[in-house]
Every structure is written in C-alpha cells, then in structure tokens.
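This report concerns only the one structure given below.
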Amino acid sequence: MTTTISSLSSTSSTTSSSDLTSAYSSLTASDFIKLLLTELTNQDPTNPVDTKDMVNSFSSLTQMTQTAKMTQYLSEMAEYSSMSAVNYIGKTITYSADSITVSDSSASSATFTLSSDAKDVTATIYDSDGNKVKSLDLGKTSAGTYTIKWDGTDSSGDTVDDGTYTIKYSATDSSGNSISVSTGGTATVTGVTYIDGVAYFETADGEIPMTSVTGVSSSS
C-alpha cells in the first residue's frame, strides 16, 4: 500500500507502508489529528482529501506497530521463562497434573492422590475438544499418591496425535461411594528439557510442564 501526504512537502511524494510504519512508530492520536487538520487546511479544493482513507491508513499503521511490539514482548517473555526454568533444579515443586502431553507419540506421566482405599479407580482421557479418547481401569487401589503412564493410544489401539490431553479420575469404595481424587503432587526437579519451546521439569514422577507448577520450595 502506498500513501501520499501532500502537506509534508510542497511536492507530493509516495511513501511505502514500511517507511510510514517507521516514521509513525511514535505518532499519537493527537499528532495525527494535527496532521489531518493541516492536510485539510492546505488541500486543493478541486481535489479534496479523502479523510476516510487517511484515518484507515493511520489505523492500519497503528495496528502494525502494536502487533510488532506485542510479538517482541512475547518473544522476550518466552526467553525469560526458558532461562528461569533452570533455577528450579534441585528444588521441590508442587504441581497440578490434570493434563498429559503427547510428543513424538510418547505420553508424559500423570499423578493422582486417593484420600482413602478404593475398590475401583478409573482414569479417563479426553482430547482438546472434550472427546473421550480412552479409559484406563486401575482397579483396586489403596490410599496414597500414584503415577500412571498412558501408552498414547486410543480405545481402538491407534496412536493419538501429539498434543495436550486432559485426564479425569473417578473412584469408589467397597460400598460404591465416591472417593475424593486429587491430581498433582510434589517432586524434586533434577533437570530441564524443552518440548516444542515449552520447558518441562525432569522428576522421578516424569516430565512435568513448567505451566503445571503451582508452588516451589527448597528441598530438605
């Protein structure tokens, strides 16, 4: 897109959008209004300025500048997050574990805690659209914290696509009453790895995404 602003020079000139973006990177709404008024004051009566085009041009340039700034900000935040992840090595983290990440057809582990002994425990896995992928019958399980490993296949035995899946648990006692099941746990970070740009903590419970951490403390 090219735009001509005659008031900036006695001779009209054509400027590229990249030049305008650079020139207007610090142009405020107040500055633009002043520019528009100057344009209207000096316009050729036989060829009046199309103010709508000018406003649209300014709006587009503003959006381009804001998008560039936001992209830079997100990039800097991702870099900072990656660097800060190594500071967790040797510390004990508390984490939420209601999701499982599948990468290269390999699923991360999941952790749950039973408040009391259960006659039957079932873990059901759902995709990002909420569709049921597979149910895992864990059977009779005593109270405590457990880590399970899903093989990354659906109910038909086919390998699922890489991505993030949700895991939900249900448990009943010998009388058929529901038992509280909490997801997550605590683990000591022994290392950091990166999968698709996301930091994962290496622990005895498996790889835990940094985004699942809800607390951190020094190991005793």
Side-chain angles (χ1 to χ4, degrees), residues 73-118 120-155 157-171 178-220:
Y73 172 75
L74 292 176
S75 177
E76 291 174 351
M77 286 297 294
E79 183 178 356
Y80 173 78
S81 177
S82 296
M83 290 188 297
S84 65
V86 298
N87 294 325
Y88 285 75
I89 297 177
K91 297 185 181 298
T92 298
I93 58 172
T94 302
Y95 60 93
S96 171
D98 58 355
S99 63
I100 296 179
T101 300
V102 178
S103 179
D104 294 330
S105 301
S106 177
S108 59
S109 56
T111 302
F112 70 95
T113 300
L114 283 175
S115 58
S116 59
D117 295 345
D120 183 65
V121 178
T122 301
T124 305
I125 300 167
Y126 300 86
D127 63 20
S128 58
D129 294 323
N131 299 312
K132 180 179 176 181
V133 175
K134 190 174 187 177
S135 288
L136 306 176
D137 185 3
L138 306 180
K140 185 177 181 180
T141 309
S142 300
T145 299
Y146 298 88
T147 298
I148 63 174
K149 183 73 175 179
W150 172 39
D151 63 4
T153 63
D154 60 21
S155 56
D158 298 322
T159 300
V160 301
D161 295 332
D162 286 359
T164 300
Y165 295 78
T166 300
I167 184 167
K168 296 182 179 180
Y169 302 88
S170 62
S178 296
I179 297 175
S180 174
V181 182
S182 59
T183 58
T186 60
T188 299
V189 179
T190 58
V192 178
T193 187
Y194 296 90
I195 302 175
D196 295 331
V198 177
Y200 284 76
F201 295 127
E202 297 174 357
T203 73
D205 292 341
E207 296 175 345
I208 300 171
M210 186 176 182
T211 52
S212 296
V213 175
T214 58
V216 59
S217 62
S218 298
S219 298
S220 56

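Along the sequence shown, residues carry numbers from 1.
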Mind checking the OG1-OH spacing from Thr211 to Tyr95? Nearest 0.5 Å is all I need.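 Reported value, rounded in 0.5 Å steps: 13.5 Å.
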Would you compute the distance between atom OH of Tyr165 and atom OG of Ser128 and round it to the nearest 0.5 angstrom?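 With rounding to 0.5 Å, OH (Tyr165) is 7.5 Å from OG (Ser128).
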Expected output: side-chain Asp98 to main-chain Ile167 donor-acceptor under 3.5 Å: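 Flag not set: sc Asp98 to bb Ile167 has no pair under 3.5 Å.
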With no hydrogens and no angle check, is any side-chain donor or acceptor of Thr214 less than 3.5 Å from a backbone partner on Thr94?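 It does hold such a pair.
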Does Thr190 have any side chain to side chain contact (heavy atoms under 4.5 Å, CB included) partners at least two apart in sequence or in another chain, and if so, which?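 Result, side chain to side chain contact (heavy atoms under 4.5 Å, CB included) vs Thr190: Glu202.
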Taking side chain to side chain contact (heavy atoms under 4.5 Å, CB included) as the definition, give me every residue that meets it alongside Thr159, ordered by chain and number, with sequence neighbours left out.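 Result, side chain to side chain contact (heavy atoms under 4.5 Å, CB included) vs Thr159: Ser105, Thr153.
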Tell me which one of Ser99, Ser103, Pro209 satisfies side chain to side chain contact (heavy atoms under 4.5 Å, CB included) with Thr164.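 So the option named by the test is Ser99.
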Name the one of Thr188, Ile89, Val192 that satisfies side chain to side chain contact (heavy atoms under 4.5 Å, CB included) with Phe201?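 In the set Thr188, Ile89, Val192, the residue that makes a side chain to side chain contact (heavy atoms under 4.5 Å, CB included) with Phe201 is Val192.
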Quick check: closest heavy atoms across [X] and [Y], and the distance to 0.1 Å?
X      : Y      : value
Leu114 : Ser142 : CD1-O, 3.6 Å
Ala171 : Val121 : CB-CG2, 3.9 Å
Lys91  : Ser218 : NZ-OG, 3.9 Å
Ala107 : Ile100 : CB-CG2, 3.9 Å
Ser106 : Lys149 : OG-NZ, 4.3 Å

Do [X] and [Y] have side chains that get closer than 4.5 Å, going by heavy atoms?
X      : Y      : answer
Thr186 : Ile93  : no
Ser115 : Ile179 : yes
Ile125 : Leu136 : yes

Qualifying salt bridge (charged side-chain N to carboxylate O under 4.0 Å, His left out) pairs with a residue from residues 121-146, counting only residues at least two apart or across chains: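 Output for this query lists Lys134-Asp151.
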All ring pair (Phe, Tyr, Trp, His ring centres under 6.0 Å) counterparts of Phe112, not counting sequence neighbours: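 So Phe112 forms a ring pair (Phe, Tyr, Trp, His ring centres under 6.0 Å) with Tyr146, Tyr169.
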Can you name the side chain to side chain donor-acceptor pair (under 3.5 Å) partners of Thr193, sequence neighbours left out?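 In terms of side chain to side chain donor-acceptor pair (under 3.5 Å), with neighbours along the sequence ignored, Thr193 is linked to no residue.
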Could you list the residues that satisfy side chain to side chain donor-acceptor pair (under 3.5 Å) with Thr101, not counting sequence neighbours?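 Testing Thr101 for side chain to side chain donor-acceptor pair (under 3.5 Å), a comparison that skips the adjacent residues, returns Tyr200.
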Checking Asp117 against Thr141 for the side chain to side chain contact (heavy atoms under 4.5 Å, CB included) test, could you report, in this order, the C-alpha distance in whole Å, the side-chain angles of both residues, the deciding distance, and whether it holds? CA-CA 6 Å; Asp117 295 345; Thr141 309; over 6 Å; no
